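Have a look at the structure below before the remarks.
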Amino acid sequence: MSYYINKSVSKGFEQTVQRTIDLLEREGFGVLTEINVNEVLKKKLDLDFPKYKILGACNPAFAHEALMKENKVGTMLPCNVIVREDGKMSVEVAAVDPLASMQAIDNPALKNTAKNVKERLSRVIRDV
């Protein structure tokens with residue numbers, strides 16, 4: 001099982017970031033954090049790196065549901081979605097697969113929540 005869901009598109013980077021955020025909002029997620037990895041690597045290590053953003057997405061209802069089933073699940077929240085230049089004149093969008101990440105937790109009650117989150121994230125990736 002892969003630990004992510006992904007798709008490459010032939011659109012501009014910033015356009016793809018905004019489209020991804022819009023689609024996440026459509027699916028009930030808010031973007032709590034936005035990390036510009038290439039800027040951080042340039043500032044901290046003086047490295048040039050392709051455009052790469054990590055969006056920390058959270059669906060409050062599903063987060064609450066998961067926290068009620070497993071109080072340490074917050075160590076795996078929010079759901080990370082990346083948008084990155086892939087070096088092939090396209091942009092890749094990828095999201096964590098919640099079913100894969102929840103396998104690390106020995107709590108079968110989380111499976112249905114993870115399945116629902118995966119369905120929503122899969123629609124975002126499909127429609128980007």
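Every value quoted in this text rests on a predicted model; they were computed, and no experiment measured them.
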Do V31 and T20 pass the side chain to side chain contact (heavy atoms under 4.5 Å, CB included) test, and can you show the C-alpha distance, the side-chain angles, and the key distance before you say yes or no?
CA-CA 10 Å; V31 175; T20 302; over 6 Å; no
Atom pair [atom1]/[atom2] of [X] and [Y] - distance to nearest 0.5 Å:
{"X": "N116", "Y": "E27", "atom1": "CG", "atom2": "CD", "result": "11.0 Å"}
{"X": "D46", "Y": "K43", "atom1": "CG", "atom2": "NZ", "result": "13.0 Å"}
{"X": "R84", "Y": "F49", "atom1": "CZ", "atom2": "CZ", "result": "8.0 Å"}
{"X": "L23", "Y": "I125", "atom1": "CG", "atom2": "CD1", "result": "9.0 Å"}
{"X": "K118", "Y": "F62", "atom1": "NZ", "atom2": "CZ", "result": "14.5 Å"}

I'd like to check [X] versus [Y] (side-chain heavy atoms, cut-off strictly below 4.5 Å). Are they in contact?
{"X": "T33", "Y": "L55", "value": "no"}
{"X": "R120", "Y": "F29", "value": "yes"}
{"X": "V93", "Y": "I82", "value": "no"}
{"X": "S8", "Y": "D86", "value": "yes"}
{"X": "V117", "Y": "C79", "value": "yes"}
{"X": "R19", "Y": "D22", "value": "no"}
{"X": "K11", "Y": "V91", "value": "no"}
{"X": "N36", "Y": "K51", "value": "no"}

Quick check: closest heavy atoms across [X] and [Y], and the distance to 0.1 Å?
{"X": "G56", "Y": "N80", "answer": "CA-OD1, 3.9 Å"}
{"X": "P50", "Y": "N38", "answer": "O-CB, 3.4 Å"}
{"X": "N59", "Y": "G28", "answer": "ND2-O, 3.3 Å"}
{"X": "D97", "Y": "S2", "answer": "OD2-O, 3.7 Å"}
{"X": "Y52", "Y": "F13", "answer": "N-CZ, 3.8 Å"}
{"X": "E70", "Y": "N107", "answer": "OE1-ND2, 2.9 Å"}

Salt-bridged, [X] to [Y], with N to O below 4.0 Å?
{"X": "R26", "Y": "D127", "answer": "yes"}
{"X": "K53", "Y": "E14", "answer": "yes"}
{"X": "K7", "Y": "E92", "answer": "no"}

With clusters built from Ile, Leu, Val, Met, Phe, Trp and Tyr whose side-chain heavy atoms come within less than 4.5 Å, directly or transitively, what are the remaining members of the cluster of L67, listed by chain and number?
V73, M76, L77, M102, I105, L110
Any chain of hydrophobic side-chain contacts (each under 4.5 Å) joining [X] to [Y]?
{"X": "I5", "Y": "I54", "answer": "no"}
{"X": "L99", "Y": "V124", "answer": "no"}
{"X": "V37", "Y": "L45", "answer": "yes"}

Applying side chain to side chain contact (heavy atoms under 4.5 Å, CB included) to K42 and L47, what does each step give before you reach the verdict?
CA-CA 5 Å; K42 185 64 175 176; L47 295 174; over 6 Å; no
V96 and Y4: CA distance, side-chain angles, deciding distance, side chain to side chain contact (heavy atoms under 4.5 Å, CB included) verdict:
CA-CA 4 Å; V96 65; Y4 62 91; 6.0 Å; no
Is the closest side-chain donor-acceptor distance between T113 and E65 under 3.5 Å?
yes
